[in-house]
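This structure is in structure tokens; I'll ask about it shortly.
Predicted, not measured: the structure shown is a model, and the values here were computed from it.
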Amino acid sequence: MKKLYVCLFATLATSAFAGVTVTSPSNGAQVQSPVHYVATAQSPDCPKGVAAMGIYTAPYQLAYTVNGSKLDTYLTLSSGTYNTVVQEWDNCGWSASTPVTITVGTGGGGGGTFSNLQSSSWWNGYALLPPTYNICDTCMPWGPLATWGTTQGIKSPALSSGGSMKFDIGGTMPFADILWNVKFTTHLSDQSKVPTFYNFTYDVYFYGTNLETSQALEFDINQFVNGQSFIWGHECRIAGGHEWDTWDNINMHWVKSGIACNPISNSWNHLVIQAQRTSDNRLLFKSITLNNKVNTLNRYDSPSPTTWYGMTINYQMDGNYKQSPYSVYLDNLNFTYY
């Protein structure tokens with residue numbers, strides 16, 4: 001295999017049907033280090049399948065390799081423009097590659113990634129009860145109107161060595177929801193830098209044995225700066241209609257996207273959400289990638305007033321018309337900001 005690694009940009013045996021699909025980063029993207037690479041490969045001409053994948057950051061500079069046909073990693077890169085290449089090698093001597101040019105910024109606020117949040121102790125849980133769906137300060141996790149709980153370090157199902165995090169919902173009140181969040185502000189080295197962050201990526205794998213029980217699953221990015229509330233709310237309506245919605249910050253309701261949301265039960269689903277606060281302080285819902293299918297949103301919204309300050313992410317599970325209990329596992333949860 002090593003002779004293939006060092007022969008990039010030379011003449012290689014290439015199958016007409018082999019290919020590399022890169023879902024992150026996009027070609028021509030401006031990104032912040034560490035750069036998240038997600039790609040898959042296929043080589044149908046080779047009965048033995050794909051042997052390995054790798055990332056070149058420059059000709060003959062192999063920065064990362066992994067066995068198999070899936071690649072998901074972060075690369076730490078200095079600022080500048082890189083003509084990177086994601087390549088696959090199969091077990092029959094064939095190879096294929098996809099070029100990805102990126103520009104790594106300095107990220108005025110520094111930026112960074114909070115990794116493996118499924119193992120973090122920073123989680124908080126709250127009940128949201130109809131019809132107002134305000135946070136219920138008197139609701140306890142043991143119910144009875146809404147019940148919820150979490151368990152960390154689950155070994156099966158799990159992707160990471162530290163285990164997944166299990167989230168449970170139940171109770172007796174139909175359509176009750178449970179919201180969990182992680183507040184990052186106090187964990188930043190300099191809390192005053194929150195207003196200097198403009199780009200955000202919510203990257204997570206989730207698993208459920210019967211996801212059809214869920215009314216909806218919600219994944220939110222929140223930033224509160226300069227008296228303005230920026231909520232990039234993303235809701236996958238499952239029992240509610242198998243469609244992605246995004247949050248209207250001014251009118252306080254969900255906006256249909258027309259993008260299907262069909263997560264798979266008894267399988268790990270990979271979700272990547274990208275959002276941005278624009279230079280003129282608007283919200284940009286950029287894209288939703290579910291199981292390697294990229295859907296571009298490019299929907300703009302305006303912020304609402306607030307007295308809060310900070311940066312958080314939410315994960316929410318919505319109950320159905322029977323408030324049927326169900327569980328969802330999260331793993332490899334990373335939040336990138338810059």
Side-chain angles (χ1 to χ4, degrees), residues 21-31 36 38 128 130 133 167 175 177-181 198-208 211-223 228-265 267-278 280-304 312-321 326 328 330 333-337:
T21 300
V22 181
T23 55
S24 176
S26 58
N27 190 37
Q30 295 187 354
V31 297
H36 190 196
V38 180
L128 307 176
Y133 288 99
F167 295 78
F175 298 114
D177 304 337
I178 304 300
L179 164 72
W180 290 271
N181 68 12
Y198 287 86
N199 297 277
F200 310 96
T201 300
Y202 190 139
D203 189 332
V204 64
Y205 287 80
F206 65 95
Y207 182 106
L211 293 175
E212 295 301 315
T213 305
S214 172
Q215 185 70 16
L217 297 178
E218 185 176 333
F219 308 85
D220 306 331
I221 300 166
N222 311 302
Q223 188 183 37
Q228 295 179 307
S229 169
F230 299 82
I231 298 176
W232 291 271
H234 300 75
E235 177 182 73
C236 173
R237 285 187 283 110
I238 301 177
H242 286 284
E243 183 179 359
W244 282 105
D245 298 334
T246 56
W247 185 245
D248 184 325
N249 283 245
I250 297 298
N251 298 301
M252 306 290 287
H253 65 74
W254 291 103
V255 177
K256 293 182 178 182
S257 69
I259 298 171
C261 184
N262 293 293
I264 304 168
S265 293
S267 178
W268 283 104
N269 297 272
H270 186 197
L271 174 66
V272 180
I273 292 172
Q274 293 187 310
Q276 181 182 83
R277 176 166 61 94
T278 64
D280 59 350
N281 280 322
R282 291 191 295 164
L283 298 97
L284 173 57
F285 294 81
K286 295 181 69 175
S287 67
I288 299 171
T289 302
L290 179 61
N291 294 332
N292 296 322
K293 184 176 182 180
V294 181
N295 289 284
T296 301
L297 292 165
N298 282 344
R299 186 180 80 79
Y300 290 87
D301 197 11
S302 298
S304 59
T312 70
I313 60 168
N314 298 345
Y315 169 63
Q316 182 171 312
M317 293 164 56
D318 294 358
N320 64 13
Y321 72 103
Y326 68 96
V328 174
L330 302 187
L333 171 51
N334 302 307
F335 176 65
T336 300
Y337 59 97

Proximity of Y202 and H234 rings by center, below 6.0 Å: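 For Y202 and H234, the ring centres are not under 6.0 Å apart.
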Going by distance alone, is a donor N or O of one side chain under 3.5 Å from an acceptor N or O of the other, for N262 and H242?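 Short answer, yes.
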When rounded to the nearest 0.5 angstrom, what distance separates CD in E218 from CG in N314?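 These two atoms lie 7.0 Å from each other.
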Rounded distance [0.5 Å steps], CG in L297 versus OG in S287: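 Here the rounded value is 7.0 Å.
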Could you tell me whether a side-chain N or O of D248 sits under 3.5 Å from a main-chain N or O of I250, the two making a donor and an acceptor?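 Present.
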With the side chain counted from C-beta on, respond yes when S229 and S304 share a heavy-atom pair under 4.5 Å apart, and no when they do not.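 The answer is yes; the side chains approach within 4.5 Å.
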Taking all heavy atoms of Y321 and all of Q215, pick out the closest pair and write down the distance.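 Where Y321 meets Q215 most closely, the heavy atoms are N-OE1, 4.5 Å.
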Would W180 and F167 count as a close aromatic pair, with their ring centres under 6.0 Å?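 W180 vs F167: aromatic centres under 6.0 Å.
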Under the criterion side-chain contact (heavy atoms from CB on, under 4.5 Å), I'd like the reasoning laid out for R299 against V255: C-alpha separation, chi angles, the key distance, then a yes or no. CA-CA 10 Å; R299 186 180 80 79; V255 177; 4.3 Å; yes
Aromatic ring proximity, centroids under 6.0 angstrom, Y315 and F219: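 Distance test on ring centres: under 6.0 Å, yes.
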With sequence neighbours left out, what residues match V294 under side chain to side chain contact (heavy atoms under 4.5 Å, CB included)?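 So V294 forms a side chain to side chain contact (heavy atoms under 4.5 Å, CB included) with T23, T289.
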When rounded to the nearest 0.5 angstrom, what is the spacing between CD in Q316 and CG in D177?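 Nearest 0.5 Å value for the CD-CG distance: 4.5 Å.
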Mind checking the CZ-OG1 spacing from F285 to T246? Nearest 0.5 Å is all I need.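 Here the rounded value is 5.0 Å.
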Walk me through it: do I273 and T201 pass the test side-chain contact (heavy atoms from CB on, under 4.5 Å)? CA-CA 6 Å; I273 292 172; T201 300; over 6 Å; no
Just to verify, what does Y300 make a side chain to side chain contact (heavy atoms under 4.5 Å, CB included) with, not counting sequence neighbours?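 Y300 satisfies side chain to side chain contact (heavy atoms under 4.5 Å, CB included) with T278, R282, L284 only.
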With distance as the sole criterion, is a donor-acceptor pair present between the side chains of N199 and Q276 under 3.5 Å?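 Result is yes, a qualifying pair exists.
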Under 3.5 Å, is there a donor-acceptor pair between the side chain of S265 and the main chain of L211?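 The answer is yes, because a donor-acceptor pair under 3.5 Å joins these two groups.
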Walk me through whether W244 and N295 qualify under side-chain contact (heavy atoms from CB on, under 4.5 Å). CA-CA 10 Å; W244 282 105; N295 289 284; 5.7 Å; no
Tell me, with the steps shown, if W232 and W247 meet ring-ring contact (aromatic ring centres under 6.0 Å, His included). CA-CA 6 Å; W232 291 271; W247 185 245; over 10 Å; no
Show the nearest heavy-atom pair for residues E235 and D318, with the distance to one decimal.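 For E235 versus D318, the nearest heavy atoms are OE2-OD2, 3.4 Å.
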Heavy-atom pair with the smallest gap, counting every atom of F206 and L271: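 In this case the closest contact between F206 and L271 is CE2-CB, 4.1 Å.
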Side-chain donor/acceptor of N269 to backbone N/O of S267, under 3.5 Å: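 Yes: the side chain of N269 pairs with the backbone of S267.
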P25 and V22: which non-hydrogen atoms are nearest, and at how many Å?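 Between these two residues, the closest heavy atoms are O-CG1, 3.7 Å.
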Hey, what do you get for NE2 (H270) to OG (S24), rounding to the nearest 0.5 Å?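 It comes to 8.0 Å.
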Please name all residues satisfying salt bridge (charged side-chain N to carboxylate O under 4.0 Å, His left out) with R237, sequence neighbours left out, ordered by chain then number.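 R237: salt bridge (charged side-chain N to carboxylate O under 4.0 Å, His left out) contacts with E243, D245.
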Taking the side chain as every heavy atom from C-beta outward, state whether L128 and I178 have any atom pair closer than 4.5 Å.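 Answer no - side chains too far apart.
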Would you give the length of the straight line joining atom CD of E212 to atom CG of N320, rounded to the nearest 0.5 angstrom?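 The distance works out to 11.0 Å.
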Contact check, side chains of L330 and Y205, non-hydrogen atoms, under 4.5 Å: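 In short, these two side chains do not touch, never coming nearer than 4.5 Å.
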Decide yes or no on side-chain contact (heavy atoms from CB on, under 4.5 Å) for N249 and S302, but give the supporting numbers first. CA-CA 6 Å; N249 283 245; S302 298; over 6 Å; no
Close side-chain approach of M317 to L217, heavy-atom, < 4.5 Å: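 In short, these two side chains touch, coming nearer than 4.5 Å.
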Side chains of N222 and T312: donor-acceptor distance under 3.5 Å anywhere?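 There is such a pair between these side chains.
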Heavy-atom pair of closest approach, residues D220 and G233: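 That would be OD1-CA, 3.2 Å.
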